[in-house]
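Data first, discussion second: the structure below is written as structure tokens.
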There are 2 protein chains.
Amino acid sequence: MATQTPESPAAAPAARDPERTRSEILAVATREFADKGFAGARVDEIAAKTRTTKRMIYYYFGGKENLYIAVLELAYTGIRALERQVDVEHLDPAEAIRRLTALTFDHHESHPDFIRLVSIENIHYARHIVRSEILAGLANPALDTLTRILDRGRAAGQFRRDADPIDVHMMISAFCVFRTANRYTFNAIFKRDMLDPARRDHYQAMIGDLVLEYLTASDGRPAPTA
Amino acid sequence: MATQTPESPAAAPAARDPERTRSEILAVATREFADKGFAGARVDEIAAKTRTTKRMIYYYFGGKENLYIAVLELAYTGIRALERQVDVEHLDPAEAIRRLTALTFDHHESHPDFIRLVSIENIHYARHIVRSEILAGLANPALDTLTRILDRGRAAGQFRRDADPIDVHMMISAFCVFRTANRYTFNAIFKRDMLDPARRDHYQAMIGDLVLEYLTASDGRPAPTA
DNA sequence: CGTATAACTAACTAACTAGTACATACATTG
DNA sequence: CAATGTATGTACTAGTTAGTTAGTTATACG
């Protein structure tokens, strides 16, 4: 007997389950906002796609904009949790960069809705991120990881000394985000699907090469010779 | 006497000027769609910001969606015209790459509305580009230019032989587009404005270095030694 | 048990929004 | 200078959309 709730053994739509109601609204809203943007998404449609009613959206979230912010908060905290799991401390700096880059690459590929939400939020000048207390002060595990790798690489004389963590993070993100975020216009214009599985390994290696070549290039200053 | 009659040469609101009416609607619509997206933009507001009425939008463009497509067409053809003016044929391949990269960089920086429209269009899965006959078959001067540079660079034994023009174009675009398109969320999270004039030269040089280092790196094949 | 409260539903509304009907002024040309 | 099509403005409408009102039902807890 696969009972879902303590007292109800019926497999019927669980009558009362605030936890599930809330998270179902969030899940559906994530899809809708990511698909159509803030202005394009419809509260009525979000409600219709859940097993509950529109009233519940207002009950739990207070309004369309707050729901959108809740969606952003969930998306960002989820991504950050994943980033925190990355462990490359045991790897040689160059290998660690390659691994971090590959993981970021995989990550963006497997979370297109997140990338879409970020694009949408940029169209809104990041207004909602700034307004959200949760998001405004969210730590960035990927950047911390990268900072440690760069420190190790510099100490070992492997990496250029003027490499800035935020810049390197930007490089990696730029490539990985572009590939997903601009997939459709790029394909319409160049007739090339940047997410074609046949080209996946090629692009994953390319961004790794790119970053490593940058990091191991001379910075024009007296560097400790290997 | 500021007469508005047919024969008045006065600088007063030109009574009849279809050319101006049309282009004014397009200019205002470009700003509105770039600012708020397709769903977020309001036909009434676009009309209010022109010197004409909503009726004229329907008269000239037929509807909101067609107006949006017209905006895209104008934006893309304008950008393509600029790209066509790039002349780097007289430069050494490496210098040509640096110049093309710098021009692309400048270009994206000075056309944020275009980048926004591209982001918006990606949110719409490039549906309108595909529908537009003008856009679907628009040549890409930047890619042609790049292809010729790469050919010259390979012939001179300066560039790796497996460098693909579309891939290289993608690299350049990724960096330049990301910097503009993701400016707001990036700044909200990392407290760094990627468009800060103080960092402009740094980033312009960085993308140039990045691409050149990639192109001059060994491709693991027997290459003509310099 | 019974009652307070949290979870929930259905129906409604006021405001907005894309698009249109209709009337008319202007300009070109025969 | 008539007449005909182009360009334009005003006022309207039908449909949509975020948000609300007024309640009902389940559950926890004394």
Side-chain angles (χ1 to χ4, degrees), chain A residues 3-29 32-33 35-71 120 124 127-128, chain B residues 2-10 12-29 32-33 35-71 120 124 127-128:
Chain A
T3 52
Q4 280 128 333
T5 47
E7 262 68 69
S8 104
R16 238 150 207 249
D17 192 340
E19 202 63 37
R20 194 188 55 95
T21 302
R22 223 190 102 96
S23 68
E24 193 183 355
I25 291 172
L26 272 175
V28 172
E32 285 295 302
F33 283 126
D35 195 44
K36 316 214 176 92
F38 176 72
R42 298 288 167 244
V43 177
D44 281 296
E45 204 174 328
I46 293 170
K49 287 181 178 173
T50 64
R51 270 170 292 184
T52 182
T53 63
K54 180 162 63 154
R55 183 68 185 79
M56 286 295 97
I57 291 174
Y58 288 87
Y59 182 70
Y60 283 111
F61 299 98
K64 186 183 182 181
E65 193 156 13
N66 286 335
L67 174 61
Y68 173 73
I69 291 174
V71 162
I120 289 162
H124 296 289
R127 188 189 321 143
H128 311 91
Chain B
T3 51
Q4 279 121 325
T5 43
E7 272 71 26
S8 95
R16 242 163 199 240
D17 193 340
E19 203 61 39
R20 193 188 56 94
T21 301
R22 223 190 102 96
S23 69
E24 192 182 355
I25 291 171
L26 272 175
V28 171
E32 284 295 303
F33 283 127
D35 195 45
K36 316 215 176 89
F38 176 72
R42 299 286 167 245
V43 177
D44 281 296
E45 204 174 329
I46 293 170
K49 287 180 177 173
T50 64
R51 270 169 292 183
T52 184
T53 63
K54 181 162 61 156
R55 180 67 186 79
M56 288 297 96
I57 291 175
Y58 288 88
Y59 182 69
Y60 283 111
F61 299 97
K64 187 184 182 181
E65 193 156 15
N66 285 337
L67 174 60
Y68 173 73
I69 291 174
V71 162
I120 290 162
H124 295 291
R127 187 189 321 141
H128 311 91

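Naming convention: chains lettered A, B, ... in sequence-line order (proteins, then strands); numbering from 1 in each chain.
In this structure, A:Thr52 reaches the C:dT9 phosphate: one of its side-chain N or O atoms is under 4.0 Å from OP1 or OP2. Close to D:dT8, at under 4.0 Å from its OP1 or OP2, lies no side-chain N or O of B:Tyr58.
In this structure, B:Ile46 atom CD1 and C:dG19 atom P are separated by 11 Å, rounded to whole Å. The CG-P distance, from B:Asp44 to D:dT10, rounds to 14 Å in whole Å. Taking atom CD1 of A:Ile57 as the reference point, atom P of C:dA10 lies 14 Å away to the nearest angstrom. Going from atom CD of A:Glu65 over to atom C1' of D:dA18 covers 12 Å, rounded to whole Å. The distance from atom CD of A:Glu24 to atom C1' of C:dA7 is 14 Å, rounded to the nearest whole Å. What separates CG of A:Leu67 from C1' of D:dT17 is a distance of 15 Å, to the nearest Å. When the C1' atom of C:dA23 is taken as reference, atom CE of B:Met56 falls 13 Å away, rounded to whole Å. The distance from atom CD1 of A:Ile25 to atom C1' of D:dG19 is 15 Å, rounded to the nearest whole Å.
Across all strands, A:Ala41 comes closer than 4.0 Å only to sugar-phosphate atoms, never to a base (heavy-atom distances). Residue contacts shown for A:Tyr59 include a base, since a base heavy atom lies under 4.0 Å away. Contacts of B:Phe61 with the nucleic acid, taken as non-hydrogen atoms under 4.0 Å apart, are absent.
Nearest nucleotide to the B:Thr21 side chain, out of D:dT20, C:dA18, D:dT8: D:dT8. The B:Thr53 side chain lies nearest to D:dT10 when the options are C:dT20, D:dT10, C:dT9. The side chain of B:Arg42 approaches C:dT17 more closely than any other nucleotide in the set D:dA18, C:dT9, C:dT17.
In this pair, A:Phe38 and A:His128 present their aromatic rings tilted. The plane angle is within the 30 to 60° band.
Of the two residues near DNA chain D, A:Arg55 and A:Val43, the one whose nearest nucleotide lies more 5' is A:Val43.
You won't find any donor-acceptor pair under 3.5 Å spanning the side chain of B:Arg51 and the base of D:dT8, going by distance alone. Residue-to-nucleotide contacts include a donor-acceptor pair under 3.5 Å from the side chain of A:Lys54 to the base of D:dG19.
For A:Arg51 (side chain) and A:Ala48 (main-chain N/O), no donor-acceptor pair under 3.5 Å exists by modelled atom type.
Residue A:Glu45 forms a salt bridge (charged side-chain N to carboxylate O under 4.0 Å, His left out) with just one option from A:Lys54, A:Lys36, A:Lys64, and that option is A:Lys36.
The side-chain heavy atoms of B:Leu67 and B:Ile46, taken from C-beta on, include a pair separated by under 4.5 Å. Counting heavy atoms from C-beta outward, A:Ile120 and A:Phe33 have side chains that stay 4.5 Å or more apart.
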